[in-house]
Amino acid sequence: MAHQEYKRGTKLIHAGVEPDPTTGAIMTPIYQTSTYVQAAPGDHKGYEYARTQNPTRTALQNALAAIENGKHALCFGSGMAATDAIIRLLVPGDEVIVSNDLYGGTYRIFTKVFAVYGIKFHFIPMDNAANIEQYINDNTKLIWVETPTNPLLNVIDIEAVSNIAKKHGVKTVVDNTFASPYLQNPLDWGADIVMHSATKYLGGHSDVVHGCVIVKDDETEERLRFIQNSCGAVPGPHDCWLILRGIKTLHVRMDRHCENGEKVARFLKTHPKVEKVYWVGFEDHPNHDIAKKQMRGFGGMISFVLKDDNMEAAVNVLKSTKLFALAESLGGVESLIGHPASMTHGSIPREERIKNGLADSLIRLSVGIEDADDLIEDLRQAIG
Ligand SMILES: *Cc1c(COP(=O)(O)O)cnc(C)c1O
């Protein structure tokens with residue numbers, strides 16, 4: 001692919017996008033159509049029906065493949081629809097090994113939707129990749145990795161996991177939502193399949209729900225495309241266009257997310273009322289060396305625990321911020337604050353939650369791209 005020759009910022013703006021062939025429009029049009037006229041049966045321009053193909057989606061898929069250093073990309077109506085399509089590659093009896101600190105919706109689809117179809121999921125800690133091998137057997141087909149993880153910002157060594165998987169003929173999937181393709185490219189470290197909730201950093205403006213899968217090999221692409229077309233969880237052209245536009249500023253936004261993330265993390269670390277701060281960029285993060293190896297920056301996702309470790313103290317902070325908006329989701333230009341214990345992870349029994357390191361007062365931040373001084377001032381007055 002010609003775009004592989006360009007540097008990352010240039011690729012983000014130009015990859016996959018050609019001027020519109022009929023008008024020369026520099027921006028890919030939103031092809032708001034359900035079907036395409038044929039001159040005679042079978043005599044068409046490569047487009048027959050919009051569940052199967054849409055030119056706006058094609059442009060986005062080409063862009064995504066290029067920026068993840070893959071060969072093929074497939075777009076879906078949400079991140080969960082992308083995950084759903086990947087698991088449909090499996091059959092009853094197959095087994096999946098999954099990192100245990102995981103997006104709640106992924107845990108839910110594995111345990112509540114797919115477990116009843118006879119697919120077995122093993123949730124295990126992967127901060128030490130050597131831990132994985134003992135769970136591999138003849139039925140193991142996939143290893144599912146999320147890194148950095150949500151909300152504890154653990155880091156998993158993609159290269160080490162992929163090497164173990166390859167040795168056993170197992171495929172590695174990486175949920176790359178938190179890092180985005182700008183900070184981390186799992187295919188370069190040996191992963192076979194990358195997925196994103198494009199709702200987050202790729203879209204970047206909290207205005208669209210979208211998902212995608214990127215692969216290198218033709219066979220997996222063909223099987224996923226069959227599933228995409230057969231099951232039909234495709235995004236509309238307008239949503240594809242919003243992601244395509246979001247991607248054009250990914251590098252500029254991510255640079256600022258990283259810069260602001262570092263400033264906020266270092267502020268929190270010295271705050272007298274803060275017990276612990278989770279951020280990938282700290283030199284004393286247990287897997288900082290791996291983060292430095294596989295990531296180009298440390299992002300704007302931060303979690304922290306209060307010294308006064310109870311729900312009420314956390315709720316007081318959540319109610320008091322003026323810039324940080326209390327909301328689920330992440331990765332948008334505006335800063336968000338959330339409370340895993342009562343929001344995203346509220347359905348996990350308290351004892352199990354605490355055992356997994358999710359304290360009552362754990363607060364998660366998606367640091368946006370406002371001025372860092374204002375964000376720090378907002379947290380200072382809210383923590384008190
Ligand atoms: C949000 C999210 C998902 C799910 O994506 P949707 O677009 O909300 O369906 C999957 N993985 C991670 C890490 C996420 O943050």
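Every value quoted in this text rests on a predicted model; they were computed, and no experiment measured them. Numbering of ligands and ligand atoms starts at 1, following listing order. The figures here come from the full heavy-atom set of this structure, side chains too, leaving out hydrogens, waters and symmetry mates.
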Query raised in the report: Say you draw a straight line from CG of N150 to OH of Y107; how long is it, rounded to the nearest 0.5 Å?
Result: 15.0 Å

Report summary line: The atoms of ligand 1 lying under 4.0 Å from a heavy atom of H210, numbered in the order shown, are 7 (O)

Output yes when the distance from some N or O of ligand 1 to some N or O of [X] is under 3.5 Å, and no in every other case.
X: G79; value: yes
X: V209; value: no
X: E146; value: no

Identify the protein heavy atom lying closest to [atom], giving its residue, its atom name and the separation to 0.1 Å.
atom: atom 1 (C) of ligand 1; value: K200 NZ, 1.4 Å
atom: atom 13 (C) of ligand 1; value: D175 OD2, 3.4 Å
atom: atom 10 (C) of ligand 1; value: Y103 CD2, 3.5 Å

Query raised in the report: Between the side chains of D308 and N310, is a donor N or O closer than 3.5 angstrom to an acceptor N or O?
Result: yes

Query raised in the report: Any link between L224 and L187 through a network of hydrophobic side chains (Ile, Leu, Val, Met, Phe, Trp, Tyr) touching at under 4.5 Å?
Result: no

Query raised in the report: So K171 and D192, salt bridge (Lys or Arg N to Asp or Glu O under 4.0 Å) or not? Walk me through it.
Result: CA-CA 6 Å; K171 281 191 167 28; D192 302 284; 5.2 Å; no

Requested in this report: Kindly assign one of parallel, tilted or perpendicular to the pair Y201 and H257, based on the angle between their ring planes and the thresholds 30° and 60°.
Outcome: perpendicular

Query raised in the report: Centre of F282's six-membered ring, under 6.0 Å away, within 45 degrees of the axis: is that where NZ or CZ of K269 sits?
Result: yes

